[in-house]
Amino acid sequence: MTTVSPVSTPTRRAVEPAPRWLAALGWIAPLSFVAAQAAALLTSPPDKDMGDLQKILYVHVPAAWMAFLAFLSLFVSSVLFLWKRDDRHDLVAASSAEAAAVLTGLTLALGSIWGRPTWGVWWTWDARLTSTAVLFLISVGYLSLRAFTEDPDRRARWSAAVGILGALNVPIVYMSVKWWRTLHQVQSAPSTMDPSYVRGLRTNAFAFLFFLIWFIGMRYRAMRLERLAEQRQEEMELGVATGERA
Amino acid sequence: MTNWTYIWMAYGLTWIVLASYSTYLRLRVRRAEEAARGAHEERGERR
């Protein structure tokens, strides 16, 4: 028979320590990132059309992929929240949305830096760029909605709905280069590029993935602890009020 | 600007964004830990 010590319950302990995998990722992510970036910068050959500018691929494409993954996580956790009404899913959704906003913003900025020397413009109202900008605005809108809605139950329900609708824009962004005539090239994937670039892309994608998981894990932990502190504060105030009445 | 200027801009921006957000998260977790610990201790004292 398994017995659970009351000391191990989250409400009794002052603060639960961070899970080991999260602490480890805090080191693994930046270290793998340094290695992947160095390999990409030093070993990949110049492209016959773009020359060395091709190296921007190793930051722009993984950032875009991870932004899509963050939206997928937002979508899944929002659906799970509406289905099961478990607060933890709401917190994962909020953590994913913040990571999605950071990574989509980074993707747009990197694309702009790449676009200037290759297309001659920092920005154009191309279908891929515009749909990505819309995706970014959706993630900012989601975070604003959470920031301005005080009732926790309403905040969770409304933001889950926005999260699901917002994530539905991801397939549109992904397919935009096929559905419309765009200045942006077709999707970059190991199957659409020279094998000499694939290893650099994969290693950088994994480094970005480690960062994404760590971002979501850390944001989730921060929100859980903030709620725990609020809950303890409320319990204490309630105790004082009850004591005063008695 | 040369091609390498754009490459360094892209890599530099990536590093700045990832490092800034990582630092923000570490500080936010630390502050939340302190708040939770503080509330726990205060509750214990009142009891």
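Naming: A, B, ... by sequence-line order, numbering from 1 per chain. Just so you know, these numbers use all the heavy atoms, side chains as well, and skip hydrogens, waters and symmetry mates.
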Novice: Are A/Arg221 and B/Glu33 ion-paired here, with the side-chain N under 4.0 Å from a carboxylate O?
Specialist: yes
Novice: Taking side chain as everything from C-beta outward and backbone as N, CA, C, O, which of these in B/Arg26 sits under 4.5 Å from a heavy atom of chain A? Side chain, backbone, both or neither.
Specialist: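 Both the backbone and the side chain of B/Arg26 come within 4.5 Å of chain A.
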Novice: Please identify, among A/His60, A/Met50, A/Glu98, the residue contributing the most non-hydrogen atom pairs under 4.5 Å to chain B.
Specialist: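 Most heavy-atom pairs under 4.5 Å with chain B: A/Glu98.
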Novice: Does the side-chain contact (heavy atoms from CB on, under 4.5 Å) test come out yes or no for B/Tyr6 and A/Thr118, once each step is laid out?
Specialist: CA-CA 10 Å; B/Tyr6 291 104; A/Thr118 49; over 6 Å; no
Novice: Taking atom CH2 of B/Trp4 as the centre, does the number of heavy atoms from other residues, nucleotides or ligands within less than 6.0 Å exceed 12?
Specialist: yes
Novice: More than 12 foreign heavy atoms under 6.0 Å from CH2 of B/Trp8: is that the case here?
Specialist: no
Novice: In terms of heavy-atom proximity below 4.5 Å to chain A, should B/Thr5 be classed as side chain, backbone, both, or neither?
Specialist: neither
Novice: Is any side-chain heavy atom of A/Val34 closer than 4.5 Å to a side-chain heavy atom of B/Trp15?
Specialist: yes
Novice: When only pairs under 4.5 Å are counted, which of A/Trp122, A/Trp114, A/Phe208 shares the most heavy-atom pairs with chain B?
Specialist: A/Trp122
Novice: So does A/Lys55 get a backbone contact from the side chain of B/Tyr11, meaning a donor-acceptor N/O pair under 3.5 Å?
Specialist: yes
Novice: Taking side chain as everything from C-beta outward and backbone as N, CA, C, O, which of these in A/Phe211 sits under 4.5 Å from a heavy atom of chain B? Side chain, backbone, both or neither.
Specialist: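 Only the side chain of A/Phe211 comes within 4.5 Å of chain B.
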Novice: Quick one: CD1 on B/Ile7 to CD1 on A/Ile113, what's the gap to the nearest 0.5 Å?
Specialist: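 Here the rounded value is 11.5 Å.
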Novice: Give a yes or no answer on whether the side chain of A/Arg232 reaches the backbone of B/Ala36 with a donor-acceptor pair at less than 3.5 Å.
Specialist: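 Side chain of A/Arg232 to backbone of B/Ala36: a pair is present.
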